[in-house]
Amino acid sequence: MTAKIRMTSLQRSAFDLLAPPVQRWIWQQKWQSLRDVQEKAIPAVLAGGDVVISAKTAAGKTEAAILPLLTRVIASNRESGGFAVLYVSPLKALINDQHRRLEAVCEACDILVHKWHGDVAAEAKARARRRPSGVILVTPESLEAMLVRRGSETAYLFSALQAVVVDELHAFIGTERGMQLQSILNRIEVECGRERIDRIGLSATLGDMHLAAEALRPGGGEKVRLIDGNDQGNGIRLQIRGYSLGAQRPDDTQTEAVRDDVNRGGEDFGIPSPMADDLFRFLRGSRNLLFAGSRQRVEVCSDLLRGMCEEQRLSNEFYPHHGSLSKSEREEVEVRLRDDPRPTTAVATTTLELGIDIGSVESVAQIGPGFSVASLRQRLGRSGRREGNPAILRVFVAELAADRGTHPVDRLKLDLVQAIAMVECLRMGWCEPPIPRGLHLSTLIHQILALIMQTGGIRPAAAYKVLCERGPFRLVDRGMFAEVLRCMASAETTLIEQAPDGLLLIGKTGEFLTESHEFYPVFATEREYRIIHESRVLGTYPLDSLLAKGETLIFAGRRWKILEIDDVARVITVRPATYGKPPYFPGSGGLIHDRIISMMRDILTTSDEYAYIDRAATAMLQSAREAYHALGLDRSSVVRFGSGVMLFPWVGTRKLGTLALACQAREFETAQYSHVIELQDCDLSSVESFLDGIANGDVPDERVMAARLAQPNLARFDHFLTPELMWSVTLRERLDLDALPELAKSLVSS
DNA sequence: GACCTGCTGCGGCGTG
């Protein structure tokens with residue numbers, strides 16, 4: 001009877017389109033109605049074709065895709081003969097969550113749901129492979145392994161697919177891993193002789209739905225249906241808080257003396273003590289996420305806050321969470337957040353941005369402006385998930401105290417202004433769109449090897465067709481593809497060889513690479529030490545670190561003394577200690593979008609007020625605006641400073657870097673700050689004539705520029721490429737030469 | 001001025 005009443009409230013909705021077992025399951029869940037995104041997505045998914053579904057975190061996207069897909073599987077009435085739904089997810093942890101979530105509804109429909117990733121027992125996989133049916137939840141790497149190891153079974157496993165679901169679509173867009181996934185999905189379609197297998201992309205954070213559609217179906221984005229759920233959240237409460245750095249800093253000799261005293265170590269890592277006090281005050285006693293920006297700052301910050309708990313004789317509530325911590329260390333924090341009633345704040349890097357199930361938190365805090373609006377949006381989505389509670393986000397920004405900031409870059413308070421710019425973008429609903437411009441030749445090398453393994457040998461023309469014409473490597477023309485093949489077949493590399501009949505086969509080095517399980521991921525990873533305390537692995541530490549026996553270390557939120565370093569086994573053994581030095585992790589900066597930097601200029605130019613910034617931040621913004629005018633930036637973006645000249649192009653990282661390289665190619669001594677280029681020991685007129693030249697098309701030789709570019713971020717197989725191909729990659733992916741003349745023009749005319 | 005992700009097949013050995 002209760003079922004009947006609920007059916008009435010769901011009347012004339014997408015609910016009616018679902019298969020009876022799915023409807024029964026919905027009644028059992030006691031849902032009062034379908035969510036907006038589900039109402040819209042169900043008919044679209046039932047109709048077939050590609051669909052992108054975008055909606056807030058926790059708005060029921062998974063069900064929006066899966067319920068109609070189960071309906072389609074039931075209607076198709078196929079017992080076995082292959083998997084019906086392929087669900088690809090970027091994290092094993094997400095697959096485990098989704099598997100738990102989907103088991104009941106699939107059981108109600110009498111449809112099997114398998115999880116398939118590196119931690120799943122080989123036996124369970126063998127069982128699924130013997131009788132493939134239902135839904136399979138898988139990572140791109142495990143899917144790659146299936147194709148590479150059992151290429152001949154591909155058609156048997158996947159010919160009956162109704163659809164492919166790509167979870168967290170944004171996590172794949174524009175990345176090496178995303179290229180690999182697009183290529184794998186295409187290889188499956190080709191191998192199964194299917195023109196198109198429906199693709200359904202799910203995401204909470206899409207800057208531009210049309211570009212996301214193109215990422216889901218390269219070359220066919222215009223035919224993808226876009227579903228944008230508009231479930232209203234519970235509102236947002238947002239604040240930016242400003243803090244002064246180095247206000248009462250001791251002079252340098254004293255600083256040296258107290259450097260080892262880690263109790264006051266926050267200041268050196270951008271956390272002045274008033275900020276630490278406020279973090280403690282806002283976060284203690286409830287459940288929160290604190291995004292600290294880097295692994296080092298996560299450790300410093302959790303150490304600081306743990307110390308404050310100890311000082312007040314409270315049990316600790318602050319736990320670090322980042323990618324160098326072991327799985328067990330991280331899981332302890334996740335479980336405590338999800339299932340433990342005690343107040344807990346996880347101090348994290350981006351590890352807790354994606355939808356790992358940690359329940360709802362009260363608030364989200366962030367130190368510094370961060371690198372992207374997309375990331376800010378993901379973070380915000382982690383709070384305010386409980387009915388009636390708004391999402392709370394506090395951004396903590398430290399800037400040098402007024403009396404210490406004499407350099408223009410310090411006087412403009414660029415971190416604070418960037419934080420405001422990002423929040424303004426967030427409020428406007430904008431976030432960074434994917435920019436498909438990379439050649440991804442490293443991943444192309446990987447896919448050529450994988451395709452040869454899958455097919456047992458393939459002709460160059462056929463490989464080109466699969467990977468570059470039909471597949472995602474569309475910026476690679478025939479000539480470049482042939483060059484890549486020549487690189488791979490050369491006497492030095494021997495990744496592949498060509499049989500007399502023209503078939504491409506795996507070469508000697510290629511065999512070595514592909515026989516290892518390390519072959520499946522396309523991203524590069526570093527070699528590391530494991531840090532161990534009494535047989536418990538705490539995490540991993542970079543190999544090139546300068547640690548020595550007897551030194552101390554903050555790691556996993558505790559303090560340690562190093563007992564032993566075994567360079568052969570790559571193990572660091574530790575015991576608890578009272579002191580610890582902050583850990584060091586190497587890294588290189590992120591790319592900031594043009595729009596954010598141009599918004600920063602608008603903020604400095606206007607006198608708009610922002611209700612969400614605190615009093616200290618308001619005063620800082622005021623002083624930044626005064627500095628902007630005092631420096632003459634309202635009249636010109638090229639200003640004298642000391643014995644040199646400063647350029648303020650107000651563009652994103654890629655264009656700024658390209659301009660800096662152009663300056664270096666013309667023998668200027670340059671220093672690059674956040675969003676500014678300083679040219680040392682030169683006069684204004686020489687800079688102006690240089691810019692005039694560029695504005696009129698006199699751009700330095702691209703090879704001279706590319707040669708000056710440091711290459712810290714090589715992709716996994718880049719070292720197999722010739723210098724010529726590497727230049728092509730660099731020019732396309734890291735520089736923006738086309739933008740130079742326009743950029744120079746705007747600098748000289750302003 | 002940064003972060004994150006992933007992994008097969010098989011041989012050998014111990015235990016019930």
Side-chain angles (χ1 to χ4, degrees), chain A residues 88-95 116-123 125-126 129 138-151 167-168 170-181 184 269-270 291-298 320-325 327 330 347-356 366-372 374-376 378-379 397-398 409 414-415 418-419 443 446 450 453 513-526 540 542 584-592 596-597 652-653 656-657 671-676 712-713 715-716:
Chain A
V88 187
S89 173
L91 298 181
K92 290 185 289 189
L94 285 180
I95 288 178
W116 186 299
H117 57 64
D119 298 345
V120 173
E123 197 202 312
K125 293 177 186 168
R129 202 166 48 224
V138 69
T139 60
E141 288 75 14
S142 280
L143 197 51
E144 183 73 89
M146 292 168 88
L147 297 194
V148 165
R149 295 287 166 224
R150 299 167 187 275
D167 197 7
E168 307 278 5
H170 64 275
F172 290 110
I173 295 178
T175 66
E176 300 294 346
R177 221 175 164 208
M179 290 298 279
Q180 178 190 27
L181 177 58
I184 289 173
F269 299 92
F291 291 100
S294 70
R295 285 170 286 181
Q296 179 178 63
R297 202 144 66 178
V298 163
H321 192 285
H322 59 74
S324 292
L325 294 178
K327 198 178 168 194
R330 284 199 261 175
V347 188
T349 57
T350 54
T351 40
L352 288 178
E353 253 175 42
L354 282 187
I356 299 172
Q366 174 176 308
I367 299 173
F371 288 90
S372 76
S375 169
L376 201 62
Q378 285 285 127
R379 291 170 183 188
V397 186
V409 173
L414 293 175
D415 270 4
Q418 185 181 328
T443 302
H446 183 273
M453 290 290 286
L513 272 177
T514 53
E515 76 186 8
S516 157
H517 63 94
E518 287 172 11
F519 174 66
Y520 311 116
V522 289
F523 47 88
T525 43
E526 294 168 46
T540 57
Y584 167 76
F585 298 95
S588 58
L591 294 177
I592 299 174
I596 293 163
I597 316 292
T653 320
L656 189 80
Q672 199 177 315
Y673 302 95
S674 350
H675 312 302
V676 184
N713 295 326
R716 184 165 170 210

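Residue numbering restarts at 1 for every chain, and letters A, B, ... go by the order of the sequence lines. No hydrogens, no waters, no symmetry mates; every other heavy atom, side chains included, goes into these values.
In this structure, Phe523(A) counts as stacked on the base of dT5(B) under the 5.5 Å centre distance and 30° plane angle limits. Under the stacking definition used here (centres under 5.5 Å, planes under 30°), the residue Phe371(A) qualifies as stacked on the base of dA2(B).
dC7(B) atom P lies 14 Å from atom CG of Leu147(A), rounded to whole Å. Between the P atom of dC3(B) and the OH atom of Tyr584(A) lies a distance of 10 Å, rounded to the nearest Å. A straight line from NE2 of His446(A) to C1' of dG6(B) spans 10 Å, rounded to a whole angstrom. In this structure, CZ of Arg129(A) is placed 10 Å from P of dT8(B), rounded to the nearest angstrom. Across the protein-nucleic acid pair, Lys92(A) atom NZ and dC4(B) atom C1' stand 13 Å apart, rounded to whole Å. One interatomic measurement links the two molecules: CZ of Arg150(A) to P of dT8(B), which rounds to 11 Å at whole-angstrom precision. Taking atom CD on Glu176(A) and atom C1' on dC3(B), their separation rounds to 16 Å, with Å as the unit. The separation between Gln418(A) atom CD and dA2(B) atom P is 13 Å, rounded to whole Å.
Summary of the strand contacts: Tyr673(A) and Ala524(A) both lie near DNA chain B, and taking for each the nucleotide with the nearest heavy atom, the more 5' one is attributed to Tyr673(A). Mapping Gly370(A) and Thr139(A) onto DNA chain B by nearest heavy atom places Gly370(A) closer to the 5' end of the strand.
The closest donor-acceptor contact from the side chain of Thr351(A) to the backbone of Gly323(A) lies at 3.5 Å or more, if one exists at all. Of the possible donor and acceptor atoms, none in the side chain of Glu123(A) sits under 3.5 Å from a partner among the backbone N and O of Ala126(A). In this structure, Glu176(A) contributes its side chain and Gly178(A) its backbone to no donor-acceptor pair below 3.5 Å.
Residue His117(A) places its side chain closer to dC7(B) than to any other of dC7(B), dA2(B), dG9(B). You'll find that the side chain of Arg177(A) is closest to dT5(B), out of dG9(B), dT8(B), dT5(B). Between dT8(B), dG6(B), dC4(B), one nucleotide has an atom nearer to the side chain of Thr525(A) than all others, and that is dG6(B). Nearest nucleotide to the side chain of Asp415(A), out of dG6(B), dT8(B), dG1(B): dG1(B). The side chain of Arg149(A) sits closest to dG9(B) out of dG9(B), dG6(B), dC4(B). Closest to the Ser142(A) side chain, of the nucleotides dC4(B), dT8(B), dG1(B), is dT8(B). Among the nucleotides dT8(B), dG1(B), dG6(B), the one closest to the side chain of Pro369(A) is dG1(B). Nearest nucleotide to the side chain of Arg330(A), out of dC4(B), dT8(B), dG1(B): dC4(B).
When side chains are defined from C-beta on, Leu354(A) counts as touching Pro90(A), because their heavy atoms get closer than 4.5 Å.
Contact check on Arg379(A) versus Glu353(A) returns a salt bridge, with a Lys/Arg side-chain nitrogen under 4.0 Å from an Asp/Glu carboxylate oxygen.
Contact check, Arg295(A) against dA2(B): no side-chain N or O comes under 4.0 Å of OP1 or OP2. In this model, the phosphate group of dA2(B) is not approached by any side-chain N or O of Arg297(A) to a distance below 4.0 Å at OP1 or OP2.
Heavy atoms of Arg716(A) sit nowhere under 4.0 angstrom from any nucleic acid atom. Residue His675(A) is in base contact, counting any heavy-atom pair closer than 4.0 Å across all strands shown. Residue contacts for Gly590(A): at a heavy-atom cut-off of 4.0 Å it reaches a base atom on one of the strands shown.
In this structure, Pro542(A) and Phe585(A) approach most closely via the heavy-atom pair CD-CD2, 4.0 Å.
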